[in-house]
Amino acid sequence: MANCADVCATLVNDFLYDCNNKSTGGIEQVVKLVNRCDIDISDWDIAVSSETACYHQIAYTGEDPTDLNAVKAQGIPGKRLLNAGFNSVDQDYGTYFTHFVNIFGQGLSEATLCNIRDLANGADVVAFVEQKDKGSDGESAFLVYGFDAGLKLGDITYDSNENNGNTPLPLTTKDDDLEKNPPYVLKMTDYETTKAFFESL
Amino acid sequence: MTRKELVKLGSNKVRKNSKLTAKYVNYLKEDAAYIYKSGKIPEGCFGCQFSSHFAKWSRYVNSLDQEMANKKEVTMANKKEVTNTSTYKLKDSKTKIFFKGSVLKNGSDDKLWIDFIKHNKDREKARKELFEVLPKDLQPKNASKAKEVKDKEEVTTKEDEQK
């Protein structure tokens, strides 16, 4: 039997059911996308640990979120056109993750085509997502997808007879460039502060 | 063991040790009046909501520390005179902006908003657009003088009309 001191990680959190806080699916229909090249790693504090308590969070320590030049992707309120998730991928050297965030472009406008072209030309992004399920006190409301490896353009098909003429745009982790962790929880002091950060992007 | 020490140990460690759990529950009962609207620990499966209760209690304990720190700061600042002014009017009073680690909102000090507005020259104009009335120090002096003159003129005209 391996000694716990010799392994990288141990499970320390119970999986408990909170009777008063049932989970809900879905995400709020606004996602903020930041070009990975605008991320200055010294402006971020990543806390990933399982030693005494489990941490899996990220916080912005920079001054002004506007410096991140975020782009807003908006869905239709009340619909589930934007969604996000991740899959685990077994590799020879460990288990990695594929993150994905699905957005869409309204119609086939010039702006949509420009975005598709830029993504096809190598733009990769980090997505900030607000979950509908925010935790009992808003502590896990926001998730960050693609922080370590970036989300790139997935396979797209446009058909003028499909999707009411809109263009679904899948953003996803690509093979050989997998994420080493599941999405980080974005957490700054409390929900109000984290929400203000998200809104200020 | 103090409240602060229990908070530092974290919910999982406290839960796994019956003595620590008992201590925590005693503290939680004492503090419930400040944490829950009902003034007591909500009924229901306590174990199922252990982490959630612990998180709320931790925040309360940490806020006590913050309160003490604030009191100290205010006491220190009293000697130098506290100056918290808000002379502006936001177009949307619900506006909340994250800037330099804190949230700027309606009622925040003028100085914080001015720092935000002037942080980047390219964005200054757009940021001023958030305000119906700018913080006093950013209001154009000529404009305010002109307004004063105009107001005086209006008063004089009204007085003349009454005569």
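To find a chain, count down the sequence lines: A is the first, B the second, and so on, and within it residues start at 1. Heavy atoms only: backbone and side chains are in, while hydrogens, waters and symmetry mates are out.
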Apply side chain to side chain contact (heavy atoms under 4.5 Å, CB included) to the pair R15(B) and D14(A), showing each step before the final yes or no.
CA-CA 10 Å; R15(B) 189 171 193 177; D14(A) 295 324; 4.1 Å; yes
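- The environment of CD in E110(A) is sparse: at most 12 heavy-atom neighbours from other residues, nucleotides or ligands sit within 6.0 Å.
- No more than 12 heavy atoms of other residues, nucleotides or ligands shown are found within 6.0 angstrom of NZ on K89(B).
- More than 12 heavy atoms of other residues, nucleotides or ligands lie within 6.0 Å of CG in D40(A), so this atom counts as buried by the packing criterion.
- Counted by atom type alone, N13(A) and N12(B) present one or more donor-acceptor pairs between their side chains at under 3.5 Å.
- A salt bridge does not link R59(B) with D190(A): none of the charged nitrogens is closer than 4.0 Å to a carboxylate oxygen.
- If you take CD on E139(A) and OG on S52(B), they are separated by 7.5 Å, rounding to the nearest 0.5 Å.
- For a residue to count as touching a neighbouring chain, one of its non-hydrogen atoms must lie under 4.5 Å from one of that chain's; by this rule Y60(A) touches chain B with backbone and side chain alike.
- Other residues, nucleotides and ligands contribute at most 12 non-hydrogen atoms within 6.0 Å of the CD atom of Q106(A).
- Within a 6.0 Å sphere centred on NZ of K100(B), heavy atoms belonging to other residues, nucleotides or ligands number more than 12.
- Taking all atoms of both residues into account, the shortest heavy-atom contact from A196(A) to I97(B) is CB-C, 4.3 Å.
- Without hydrogens or angle criteria, S200(A) side chain to F98(B) main chain gives a donor-acceptor distance under 3.5 Å.
- Contact annotation for E192(A): both backbone and side-chain heavy atoms come within less than 4.5 Å of a heavy atom of chain B.
- Looking at F197(A), both its backbone and its side chain come within 4.5 Å of chain B, counting heavy atoms on both sides.
- Note on E199(A) versus K96(B): no salt bridge recorded, every NZ/NE/NH1/NH2 to OD/OE distance being 4.0 Å or above.
- Considering only heavy-atom pairs separated by less than 4.5 Å from chain B, the leading option among T193(A), L16(A), T66(A) is T66(A).
- Taking a 6.0 Å sphere around NZ of K79(A), one finds it holds 12 or fewer heavy atoms contributed by other residues, nucleotides or ligands.
- The number of heavy-atom neighbours closer than 6.0 Å to NZ of K180(A), taken from other residues, nucleotides and ligands shown, is 12 or below.
- Here N120(B) contributes atom CG and E63(A) contributes atom CD; the two are 11.0 Å apart, rounded to the nearest 0.5 Å.
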